[in-house]
Amino acid sequence: MAEADPQEVRRWLADLAKGSRVWIRSTVIAGTVAGVATVIQMALLARIVHRGVIEKVAVADLAPLFFSLILVLVVRALAQGAQARFAALSSERVRRVVRRQLHNHWQATGPVELAQSSAGTLAREWIDHVEALHGYFARFLPQMFLSVIVPSVILVLVFWVDWLAGLFLLASAPLIPLFMALVGMGAEKLNQQHFDTISRLSGQFLDKVRGLTTLQLFGQTAWASELIRERSDQYRRVTMKTLRVAFLSSAVLEFFASVAIAVVAIYIGFGLLGYISFGPADELTLFSGLLVLLLAPEFFQPLRTLSQHYHDRAAALGASSEILARLNSHPYAGQAERAAVPTGSPERIELRSVHKAYRPEQPVLRNCNLTINRGDVVALTGPTGGGKSTLLHLLAGFTVPNSGTLSVFGQAPGEFRFGWLGQKGFLVHGTWADNLRLTSPEASDIAIETALRNVGLGALLGTRKDGLYSPVSEEGQGLSGGQARRLSLARIFLADYDLILLDEPTAGLDSDSEVFVLEALHKLALAGKTLVFSTHHQALLTLANRILLVSGGEMRDA
Amino acid sequence: MRELKPWLQLIFKRPVRLFAGGALMFATLLSGLSLLAASGWFITETAIVGLLLAAGTAATINLYVPGGAIRFFAVSRTVFRYLERVYNHDTVLRLLTDIRVALFKGLAGTHGPGRSGLSGAQWLSRLTSDVDALDTLYLRLIAPTALAGLTTMLVLILATVLFDPNTALWLTLVLLAALLVATASVYLATSDLAARQSTRQDDLRTAVIEHIEGFPELTAAGRTGKHAAWLMRQAHQANAEQARVDTRVGWHLAGSHLLIHLAAVLALWLGLALFQAGAITGPVLVLLPIALLGLAEVFAMLPDAFGKLGATMASAARLNRDCRKGQRPQVGAVGELNAGTALQADNITVKYAGYAPLFSHFNLTVSSGERLGVIGHSGSGKSSLADALAGLLPLPHGSLAREACAYLTQKTVLFDDTLRANLLLGAPDASDTELWRILEHMELADRFATEPDRLDTWIGSSGSRLSGGEARRLALARVLLSPAPLVILDEPFTGLDVDTRARIAKRLETLLEGKTLIVLAHGPDALPGTDRVLSLSG
């Protein structure tokens, strides 16, 4: 998959943000209220000190000021709590939308092309990458606004109180992003250099765990754990090299914040002593001086918070880039639009001049014409790569032809339900009943038991404590490959489909499973179902009433 | 807490490092607190002296000490902060190493089949996110809590000395409440939710993978939409729970903030009375409330960490359950091996815990140098028998005695490492010549002689740079290199075409000269030459 263009990623994120506008805006408003409350709080504190210390007002007379102070604190706490609440909600919709987009993409891609990516990768995109968007919408985005709004409010106030102190703050503010960008660039470059090493080093650990049994067999676990220690330590050294630079950017921020406080404090002190005679310095009072001092750290706080959330942005950009690359991937270029509803007989499967090529120079099927009658049992045979699977996938609607029309019992493929048995059986983590009700939710217990008995799983089920309601796989022992495939076949029995497509139903099966599958297919054929399967297996060929040889992109009756 | 205990013990094996890291954090906090407190003190002092000077009263002020202190704290805060971050992240990465090694050693003590109950994806999350939750335990939870306690105590001592015990007592009550709100109370409010959410996330991963693996069948049955909707609901529920945790953490943060600021107001209120009674000076009056405001920064780290504690414990519990359980299987009761016998199994039972036995009263004697073939279809328990003979499955019954063995498992396992490292597993002392010789026999020598790195060619993860047949032959080569006198091969020729299979089967005769062989396969055509064939049924 190609990397998504960074600008496109940002545009996509901005589009997503639109849907959560309300919550993001509410977060910013609550944050602003908390910020303004802080400013008022500091003003009241400075006022109380000034009145009490300089003007010697009695404590009892200051009670109204104290009570307003407490009120402001409560307002601030409420705003802070509300901010957290809104932030928590701000990405819920985004995540739901992206998950739906991904799922729709899976649907559009179809099972054949989807199998090109590992299930683990797709699951990681659907779960972890989408989760990575949360921090961006909940924390980074609102904080970006707040780190402009709150310092501006403070700056205006400080300018109004003492413009020279305001200048100190203003001078330090633009330098911060500049230095942070400089340091950040350095870190990024280092990061790039070490990225390969880092991912390889940490992958080593997983790899050793995966092969642990083999290590045990060769008596090499001690060696491997020493190797893990070594590699993990190497990972640490490489990472620290990057971090030492990356942390400089937060040190820069810290430095400016500290120095600004120190400069402001010393300026105010000297101003109060009357040592500074120009500008507004001789108008300083304990109130204005203390207020400026108390506001100085608050001026930098939103920026510090933003820098803490910076990694949320990086994580979201990385995840979005991969999600977007997935959403943009067009599995088969030049593919025809889903064919218009064909007009065909409801009693036949018809292919007319069907042409299919995954790569233009290598057609898999060339102008194929085929008619299969309802109730036929058709075996597809021929060499590997001859087009058998492609024909099955076309009939299933898992992929569409480049040209030509397909009609299955008068409908377009994929428009109706049918039975599919792939080469790998498919189980979900759950009970036998869960597994069978996956495709037939309404099925009764009796029907399920009958279906399982039909594929020869009755005996195995009998050994399980809770029958249908015992888990399919327990304690690390699942079903064998053959048993899993029979379980899938049982689903087909349960559902009463007209059409059943099977891709090499007996390949790689042990003789027991083979017998059961053959018997089951025979029963289905007797029940008048239309069966189409690819196979090399003699017994299966005998079962068919029609054998098609698919070879070199063409097919003919054998 | 019980679940965390083994991990905490592991973390505290580096006391000096943890202490040094904590001290750096403390120095950073103290510098920040002192910068503001000293500045407040200085401004108030200058304001009072300034007024006196303006009124023409003779007054003096020492500008050097406070001025110097302010500048010192401004620099020390930056320096300590940087050092602290670098040093503590180094610690976290060291702890990560410790945890990985401990985890691996724990796993190495368990037996194979018990582990395979987890899917690959679950493993991945177990080994990444669950471990991550533990390696930051010190930095995010332990150290900040200790520091919050310590700093609070320091401020309270300051209050006792500078103000009076009465004020200190009131402040103690308020700050204690703030500490409780920021720690225990967050934990109690979120632990169940966070643990549930963390489990739900784990289950969801399994379900999504199943959904994708079953995609063709679900599509055929027209159920993808329904099943996806169910997944969406699960994901949404997990998100909603997370939002609830975040919100509760947010309210607790706001609450502890409020209490700390109230403590500052209280200090100012009581302090003003003391000031007006002449018990304390103006600058001292300002110093304490400002120091108290600074405490908010220390406390701010806590609610989030305690909000995640429930999930961290769930992670620890999962790791304890999956990676630390079980014992290395005992090879039955080890009987005496008669001379001329390579393997003797008496009356053994082969079974997985909680399952009906696959074999019981199974007897097998293999004499030295014998070539034994075992045939059984898949599902007949052939591989389980091989596992049991190799000692990977514990034997609940019977006794097994055998010579040291090399075992080729049904599944080809190669490591994300060099060709050499993969081969040397079988025989750590083998020379390059020996390695090339065995590669020659497996018809892999040409393949790697042309690679620029030759024996140091990197084999991708799970041998992804090799074809299935090549990977199988490499795994076979590794087993054949092993000096063990007994060799067990389970389906040795999977993925090999008929001609290669025939040539290699023939070569096995000479390669296994003087060794005993047990080879298992699904049919006689997949066996090399054997003296005796055992057929397994059911």
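Per chain, numbering begins at 1; letters A, B, ... match sequence-line order.
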Give, for atom [atom1] of [X] and atom [atom2] of [Y], the distance between the pair rounded to the nearest 0.5 Å.
X      : Y      : atom1 : atom2 : value
A:W126 : B:I212 : CH2   : CD1   : 9.0 Å
A:I266 : B:F42  : CD1   : CZ    : 6.5 Å
B:L272 : A:K56  : CG    : NZ    : 11.0 Å

Please state whether the side chain, the backbone, both or neither of [X] comes within less than 4.5 Å of a heavy atom of chain B.
X      : answer
A:A251 : both
A:F416 : backbone
A:S488 : both
A:L114 : side chain
A:L62  : side chain
A:V57  : backbone

Hey, does A:F218 have a side-chain heavy atom less than 4.5 Å from the side chain of B:V479?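 They are in contact (side-chain heavy atoms under 4.5 Å apart), so the answer is yes.
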
If you take all heavy atoms of A:R244 and B:Y82, which pair is closest and at what distance? O-OH, 2.5 Å

Proximal component of [X], with respect to chain A [non-hydrogen, under 4.5 Å]:
X      : answer
B:H227 : side chain
B:L268 : both
B:V265 : both
B:T97  : both

Using the side chain to side chain donor-acceptor pair (under 3.5 Å) rule, pick out the option among A:E92, A:H134, A:R95, A:R96 that qualifies with B:N239.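 Single pass found, and it is A:R95.
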
Indicate whether the side chain of A:T439 and that of B:E217 have a donor and an acceptor atom separated by less than 3.5 Å. no

Considering only residues two or more places apart or on different chains, which pairs with a residue in residues 250-266 of chain A satisfy salt bridge (charged side-chain N to carboxylate O under 4.0 Å, His left out)?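 Every pair satisfying salt bridge (charged side-chain N to carboxylate O under 4.0 Å, His left out) with a residue in residues 250-266 of chain A: A:E254-A:R304, A:E254-B:R77, A:E254-B:R81.
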
Please answer whether the main-chain N or O of A:L438 pairs with a side-chain N or O of B:R223 as donor and acceptor at a distance below 3.5 Å. yes

Partner set under side-chain contact (heavy atoms from CB on, under 4.5 Å) for A:V112, not counting sequence neighbours: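 Testing A:V112 for side-chain contact (heavy atoms from CB on, under 4.5 Å), a comparison that skips the adjacent residues, returns A:Y358, A:H393, A:F398.
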
Return the orientation label for the A:W106 and B:H211 ring planes: parallel under 30°, perpendicular over 60°, tilted otherwise.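 Tilted, since the angle between the ring planes falls between 30° and 60°.
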
